[in-house]
Amino acid sequence: MAKNLLIVESPAKAKTINKYLGKDFHVLASYGHVRDLKPKEGAVDPEHGFEMKYEVIERNEKHVDAIAKAAKLADDIYLATDLDREGEAISWHISEILKERGLDKGKRMHRVVFSEITPKAIKAAVAAPRQLSHDLVDAQQARRALDYLVGFNLSPVLWRKVQRGLSAGRVQSPALRMIVEREEEIEAFVAREYWSVEAQLRHAEGDFTARLTKLNGKKFEQFDLTNENDAMTARAALKEAARGSLTVSEVGSKERKRRPSPPFTTSTLQQEAARKLGFSTSRTMKVAQGLYEGVALGSEGNVGLITYMRTDSTMLGDDAVAELRQVIAHEFGAKALPDGAQVYKTKSKNAQEAHEAIRPTSALRTPREVAGFLNDEQRKLYELIWKRTVACQMIHATLNTVSVEFALRQVAGGEASFRSTGTTVIDPGFLAVYEEGRDQKAAEDEDEGRRLPRLVAGEVVPLKDILAEQHFTEPPPRFSEASLVKALEEHGIGRPSTYASIIQVLLNREYVLLDARRFKPTDVGRAVGKFLVQHFTRYVDYDFTAKLEDELDAVSRGEEAWVPLMERFWVPFKQQVDEKTESVDRSEATGARELGTDPKSGKPVSVRLGRYGPYAQIGDKDTDEKLQFASLRPGQSMHTITLEQAIELFKLPRKLGQAENGDEVSVGVGRFGPFVKQGSTYASLKPEDDPYTIELPRALQIVAEKLEMLANRVITDFGNGVQVLNGRYGAYITDGEKNARIPKDVEPKDLTEAQCLELLAAAPVKKGRFAKKTATKKAAAKKEPAAKKAAAKKTATKKSAAKKSTTKKTAAKKTATRKAAVKKAAARTGEG
């Protein structure tokens with residue numbers, strides 16, 4: 001066994017590094033985090049200095065044991081997890097576990113960091129280890145404790161006031177607020193009409209257009225013409241004054257330089273990958289992680305292709321710049337090189353945590369050379385990173401913008417003029433390699449690439465026509481992943497390593513959804529967002545969240561202690577949680593809306609947020625004994641639905657007619673979506689079926705398909721609870737408590753009862769939530785004799801049976817044959 005143990009986070013990284021360090025080192029992976037707070041209340045104790053109670057993460061226990069076993073035999077232990085706070089905390093947790101197990105005695109513990117996985121970087125890091133940074137660990141612990149305390153205290157308030165199962169996050173909540181507020185801006189937006197005027201001109205070198213810039217002796221503004229009558233009047237006056245041509249009054253030319261964008265940080269990489277590649281933030285980080293940890297390049301073996309991908313820094317090392325300049329000179333010529341290195345200022349105070357920007361570990365590995373070893377996603381992302389990095393060290397682009405003015409002096413109301421502009425590239429410089437994308441095009445973008453004919457002052461240019469075009473102002477766009485990351489960064493909310501998880505949490509909780517790759521809040525998300533803004537304003541305030549991030553950064557730099565920071569946050573936060581738990585009315589918290597009055601009953605119609613989502617209600621719970629309810633349709637929002645649309649919902653359930661056997665057929669919407677019901681059989685509607693328009697023949701077809709599926713589900717029933725069934729992923733054996741796979745070489749219909757029992761006995765015990773269900777079933781089985789007795793008593797006297805509890809009634813029904821019970825349960829799977 002090697003005397004040196006080096007621990008990294010991922011097996012891919014371990015494989016790459018092991019090749020560089022040789023037989024003297026044993027490299028193991030922790031598989032990410034090894035410990036976390038105990039998943040129950042009290043894991044962070046504010047009464048005792050915010051003491052934190054950790055436990056080993058269950059899925060990583062075997063990896064921790066492997067590390068402990070190897071540590072026993074090692075003399076030196078190198079903690080080589082990632083170089084940010086998260087990585088520092090993982091190293092600390094590993095060292096704490098080894099101490100708790102008494103495996104640190106007589107060992108030398110080292111902390112090593114590197115921003116790229118190359119032989120030179122790895123060997124340099126091992127040769128110059130340091131001690132664990134407790135400042136970085138404290139900052140990460142404080143962040144984890146804050147997130148834990150917010151989640152465990154604010155989430156129960158949401159359960160009681162909004163909806164069960166909701167949760168609130170310290171950093172996700174301000175991000176949700178951004179999305180909700182943008183949606184409210186869009187809904188409140190009132191479009192304004194305006195008209196633009198443009199001259200179409202002829203020229204031997206090519207036709208072109210010119211925009212109206214002056215009218216009635218004044219600068220022409222966007223809202224100077226706001227209706228068709230005024231626009232057509234102005235157009236007629238301009239055509240009459242022009243009389244078939246415009247005269248060039250002035251020609252201007254301006255040369256300008258455009259400088260390249262800095263190399264990628266985490267944020268800018270996520271933004272550009274979203275714009276140019278259509279990658280989500282989580283997808284970008286996953287692909288980048290693979291490029292960082294190492295890709296097999298033929299005979300070279302595993303090679304780390306990019307530097308660490310979680311960084312605020314735009315700095316490049318001297319060696320990297322020298323290599324980039326070598327590549328630029330070779331690929332694009334010496335004229336593409338500036339006199340010296342391009343230096344970019346890093347905005348983040350904490351960028352020293354990650355030493356460099358994201359760049360190729362070697363610019364000499366061009367995208368075309370490594371393309372054959374990469375999958376499609378890796379190839380696209382590596383090319384993006386390579387091009388951006390190379391471009392950032394190239395000479396600026398030189399552009400020439402030409403502006404031509406056409407004056408009209410004899411216009412009723414005063415002087416008018418048109419302007420045409422075009423931009424041409426004199427020297428592309430870095431643009432030969434890379435140009436940064438934009439979320440929205442600016443006016444100057446339209447002029448780029450447009451060539452104007454050579455014109456001189458006094459030249460008369462024939463006029464084809466003058467056009468007036470109607471426009472309407474547009475609301476602000478919803479956030480895309482790129483623009484949301486940019487906004488989070490600008491507000492100082494979260495840090496680069498958290499952007500992907502922030503977005504993923506909002507999607508997973510169904511607080512937002514992606515509509516045409518733009519974020520739209522759901523009704524639940526809006527309720528949560530508005531509730532937090534109204535009642536926990538400070539904790540979703542952008543400036544407060546950013547200030548807290550700055551304080552955590554100060555802890556990481558050793559400028560502030562973490563416990564006082566926690567106390568300043570915790571005391572007022574807990575007081576506010578306690579107060580709001582008692583004072584806030586639930587209907588206010590869920591954003592219930594009164595829409596008007598039902599014309600049939602005269603009762604109020606409202607929309608509310610319930611346990612299973614938004615619904616419409618006819619009646620008032622305080623005055624009406626019987627209320628009517630209807631779920632909103634997909635795509636409808638309780639914040640925009642009208643009274644007419646809400647009343648339409650109460651047309652369900654609809655009676656469609658009768659089946660051939662006399663069963664009534666109806667359609668409705670329930671907990672699991674729209675369904676059709678024939679007798680006691682329920683079948684879910686297909687996505688293309690509308691419950692409000694579906695007709696009887698189609699409904700009967702859906703039920704027939706469901707019955708056929710149920711008929712084919714049972715392959716063999718042995719009558720004792722053991723069955724061979726067709727499932728979603730193929731045939732399997734079940735006894736109601738355990739499921740067993742069928743060997744590939746065995747035909748399911750040929751299985752005997754004895755073979756099924758043998759396979760069930762060998763099947764693994766269900767874990768997690770399935771174990772709980774199994775325990776419940778076992779408990780029910782023990783009560784079966786009592787249930788039979790209760791059923792007999794029920795038969796003897798109806799009066800006595802009426803007094804029995806719901807539990808006993810349910811238990812009595814279980815005496816029916818298992819086959820009938822299975823059939824009934826299967827029939828109800830599509831129930832609404």
Side-chain angles (χ1 to χ4, degrees), residues 10-17 19-20 115-122 260-266 268-311 316-317 319-333 336-337 356-394 428-437 481-482 500:
S10 79
K13 193 190 296 186
K15 183 179 179 182
T16 305
I17 292 173
K19 181 184 70 171
Y20 300 151
S115 61
E116 60 184 88
I117 302 176
T118 58
K120 181 180 176 181
I122 300 301
S261 301
F264 279 132
T265 62
T266 304
T268 54
L269 175 63
Q270 290 172 348
Q271 292 173 53
E272 279 291 83
R275 295 185 193 110
K276 293 191 170 184
L277 307 180
F279 285 10
S280 66
T281 50
S282 57
R283 186 177 172 195
T284 298
M285 297 310 288
K286 183 179 179 181
V287 177
Q289 183 89 30
L291 293 173
Y292 166 67
E293 291 177 350
V295 176
L297 299 184
S299 59
E300 280 191 81
N302 266 42
V303 175
L305 290 180
I306 65 169
T307 55
Y308 191 55
M309 63 286 159
R310 293 185 180 89
T311 174
L316 293 174
D319 290 347
V321 171
E323 190 178 70
L324 285 165
R325 289 176 67 83
Q326 178 186 342
V327 169
I328 292 165
H330 180 267
E331 297 282 333
F332 306 99
L337 281 172
E356 286 193 79
I358 303 169
R359 62 167 176 82
T361 53
S362 173
L364 295 172
R365 290 194 185 94
T366 63
R368 64 176 176 270
E369 288 176 359
V370 299
F373 303 102
L374 308 180
N375 63 37
D376 192 50
E377 290 183 339
Q378 290 172 330
R379 178 186 57 76
K380 288 178 180 178
L381 195 64
Y382 182 74
E383 185 175 19
L384 192 73
I385 294 168
W386 188 91
K387 286 183 173 181
R388 172 85 165 220
T389 313
V390 169
C392 84
Q393 291 303 313
M394 292 178 70
F430 75 91
L431 290 177
V433 179
Y434 184 86
E435 183 173 9
E436 185 174 37
E481 290 216 28

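Because the structure is predicted, anything quoted here is derived from the model rather than measured.
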Inset, instruction - May I ask you to check whether over 12 heavy atoms, not counting those of Lys15, lie within 6.0 Å of atom NZ? - result: no
Exercise: do [X] and [Y] side chains pair donor with acceptor under 3.5 Å:
X	Y	result
Thr284	Thr281	no
Tyr308	Gln289	no
Ser10	Glu293	yes

Legend entry - Lys276 bridged to Glu272 by N-O distance under 4.0 Å: yes
Does the side chain of [Y] come within less than 4.5 Å of [X]'s, by heavy atoms?
X	Y	value
Leu364	Glu323	yes
Ile358	Thr268	no
Ile306	Arg359	no

Inset, instruction - Check for a donor-acceptor pair, side chain of Thr361 on one end and backbone N or O of Thr307 on the other, with a separation under 3.5 Å. - result: no
Inset, instruction - Start with the C-alpha gap between Glu436 and Ser261, add the side-chain angles, then the distance that decides, and say whether side chain to side chain donor-acceptor pair (under 3.5 Å) holds. - result: CA-CA 7 Å; Glu436 185 174 37; Ser261 301; 3.1 Å; yes
Legend entry - Test log, rule salt bridge (charged side-chain N to carboxylate O under 4.0 Å, His left out), inputs Glu383 and Lys380: CA-CA 5 Å; Glu383 185 175 19; Lys380 288 178 180 178; over 6 Å; no
Legend entry - Heavy-atom pair with the smallest gap, counting every atom of Leu316 and Ala357: CD2-CB, 4.2 Å
Legend entry - Taking every non-hydrogen atom, the tightest pair across Glu377 and Val287: OE1-CG2, 3.6 Å
Legend entry - side-chain contact (heavy atoms from CB on, under 4.5 Å) between Leu384 and Tyr434, intermediate numbers included: CA-CA 8 Å; Leu384 192 73; Tyr434 184 86; 3.9 Å; yes
Inset, instruction - Check whether NZ of the Lys or CZ of the Arg Lys387 lies under 6.0 Å from the centre of the six-membered ring of Phe264 and within 45 degrees of that ring's axis. - result: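 Geometry flag: not set, cation outside 6.0 Å or 45°.
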Inset, instruction - May I have the step-by-step check of side-chain contact (heavy atoms from CB on, under 4.5 Å) for Leu324 and Val390, ending in yes or no? - result: CA-CA 6 Å; Leu324 285 165; Val390 169; 3.9 Å; yes
